[in-house]
Number of protein chains: 2
Amino acid sequence: MKRNSRLSLALHTLGHMARDPGRMRKSADIAAHAGTNPVVVRRVLGSLREAGLLVSESGHAGGWRLARAPQEITLADVYLALDERLTAAEPTAETHDCSVEHALHFRVSKVMEEVEQTLIQKLSETTILAIRGATDQKSMSK
Amino acid sequence: MKRNSRLSLALHTLGHMARDPGRMRKSADIAAHAGTNPVVVRRVLGSLREAGLLVSESGHAGGWRLARAPQEITLADVYLALDERLTAAEPTAETHDCSVEHALHFRVSKVMEEVEQTLIQKLSETTILAIRGATDQKSMSK
DNA sequence: AGATGCGCAACTGTTAATGTTACAAGGTAA
DNA sequence: TTACCTTGTAACATTAACAGTTGCGCATCT
């Protein structure tokens, strides 16, 4: 699959779910539609469940569905649930006492944090209900 | 080395160069200071040369130095020179005619472009001359 | 019980990036 | 000119992160 695949998969799936919130979907079906593997789907959706966006059930009529109304789930919620921060983190505290490196890290980190806040802000302006093209009644809505 | 290493290496090196613009530095010395390999240094600095930020010379007294005054080189210049865009690019035009996927890509791409503009804007507010901690006369300035 | 679906752990590709080696070409100094 | 030094680049090895895969245990419904 491609890069940033986790976010893409998550948003794609939620986009479909938003169109029919009550329906239960199996990871196998979701995987087939997204062109990936059921286990990968469970891993990604599992993160969303931990964040309280989704609910999963075992058993015969099991599967996945939204934990709350689609208009109450924004793209920012999904982004944060996946915990893929922009911030480099840079845990390399190699005690490389180079003042340039310290100053650099300080400046860049500050900028990245501000930028991430901007990203979250912008993502929070769109709900998963708003993600759909025109009125597709086919594809995954069968 | 760590992730985002190209940007880190580039900024780190320019940060030092800004403190002594006239001096010529060998890739071997830069590599030793940054804890990496001379060839890696040449690859990264090569991008900066193509962008007109650095000049390199062969020969006995060869090496690298800034192509212009340090106060005229911003972090944004370096970021753009390395051509590492945030935008996912997503070249996977799998003709996967799923309207949700299209709408999703459209929305997210737009947000990412806006965020990248914010990032560039913020980076352009700092020059490489501003990157230094207090007054370190030691370390690489010998 | 049997069928179905999730949860999770362990393992195997795959891919992108860095690290490494080697050598040609360019330039300086004696 | 010769000797030496440094960049430029190609080719290959190593690594790390991630997706994909398999297998099996547990839960739930008919």
Side-chain angles (χ1 to χ4, degrees), chain A residues 1-13 17 23-51 53-67 82-92 94, chain B residues 1-13 17 23-51 53-67 82-92 94:
Chain A
M1 221 177 165
K2 63 204 168 207
R3 198 167 176 177
N4 255 23
S5 59
R6 281 161 44 86
L7 223 205
S8 294
L9 175 57
L11 290 176
H12 185 180
T13 303
M17 286 179 163
R23 181 167 151 223
M24 214 64 167
R25 290 154 205 265
K26 306 187 294 187
S27 57
D29 291 345
I30 296 169
H33 180 74
T36 183
N37 192 287
V39 178
V40 174
V41 170
R42 283 181 215 144
R43 283 205 277 245
V44 173
L45 299 193
S47 299
L48 303 186
R49 182 190 53 225
E50 287 175 18
L53 305 181
L54 287 179
V55 168
S56 68
E57 284 175 22
S58 302
H60 195 110
W64 301 80
R65 62 178 169 77
L66 297 180
L82 293 183
D83 202 43
E84 290 179 345
R85 290 323 188 355
L86 274 190
T87 334
E90 313 207 40
T92 58
E94 302 160 357
Chain B
M1 219 179 168
K2 64 204 167 206
R3 199 168 175 177
N4 252 26
S5 58
R6 281 160 45 84
L7 223 204
S8 294
L9 175 56
L11 290 176
H12 185 179
T13 304
M17 287 179 163
R23 181 166 152 226
M24 214 64 169
R25 290 153 204 266
K26 305 187 294 188
S27 58
D29 292 346
I30 296 170
H33 180 75
T36 182
N37 192 287
V39 177
V40 174
V41 171
R42 283 178 219 148
R43 282 205 279 246
V44 173
L45 299 194
S47 299
L48 303 186
R49 182 189 53 226
E50 288 174 17
L53 305 182
L54 287 179
V55 168
S56 68
E57 285 174 23
S58 302
H60 194 113
W64 302 80
R65 63 180 168 76
L66 297 179
L82 294 182
D83 202 43
E84 290 179 343
R85 291 322 183 12
L86 274 189
T87 335
E90 312 208 40
T92 58
E94 303 160 356

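Order of the sequence lines sets the chain letters (A, B, ...), proteins ahead of strands, with each chain counted from 1.
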What is the distance, rounded to the nearest whole Å, between atom [atom1] of [X] and atom [atom2] of [N]?
X       : N      : atom1 : atom2 : result
A:Trp64 : C:dT4  : CH2   : C1'   : 16 Å
B:Lys26 : D:dT6  : NZ    : C1'   : 8 Å
B:Arg49 : D:dT7  : CZ    : P     : 10 Å
A:Ile30 : C:dG5  : CD1   : C1'   : 12 Å
B:Leu9  : C:dA17 : CG    : P     : 15 Å
A:Asp83 : D:dA17 : CG    : P     : 15 Å
A:Glu57 : D:dC26 : CD    : C1'   : 15 Å
B:Leu45 : C:dT18 : CG    : C1'   : 15 Å

Could you tell me which residues satisfy side-chain hydrogen bond (donor to acceptor under 3.5 Å, both in side chains) with [X], sequence neighbours excluded, listed by chain and number?
X       : value
B:Ser56 : B:Arg49
A:Asp83 : A:Arg85
B:Glu50 : none

Residue mapping more 5' on DNA chain C - nearest nucleotide basis, A:Ala61 or A:Glu50: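 Result of the comparison: A:Ala61.
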
Phosphate OP1/OP2 of C:dC6 contacted by A:Ser56 side-chain N/O (<4.0 Å):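 No, no such contact exists.
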
Residues which pass side-chain contact (heavy atoms from CB on, under 4.5 Å) with A:Ala67, listed by chain and number, not counting sequence neighbours: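 By the side-chain contact (heavy atoms from CB on, under 4.5 Å) rule, A:Ala67 matches A:Val55.
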
B:Leu54 vs B:Met17 side-chain heavy atoms within contact, under 4.5 Å: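 Yes, side chains in contact.
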
Salt bridge (Lys or Arg N to Asp or Glu O under 4.0 Å) partners of residues 53-67 of chain A, not counting sequence neighbours, each pair once: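 Qualifying pairs, neighbours excluded: A:Glu57-A:Arg65.
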
What pairs of nitrogen or oxygen atoms, one from the protein and one from nucleotides 20-26 of chain C, lie under 3.5 Å apart?
| residue | atom | partner | partner atom | Å |
| --- | --- | --- | --- | --- |
| C:dT20 | OP2 | B:Asn37 | ND2 | 3.4 |
| C:dG26 | N2 | B:Gly59 | N | 3.0 |

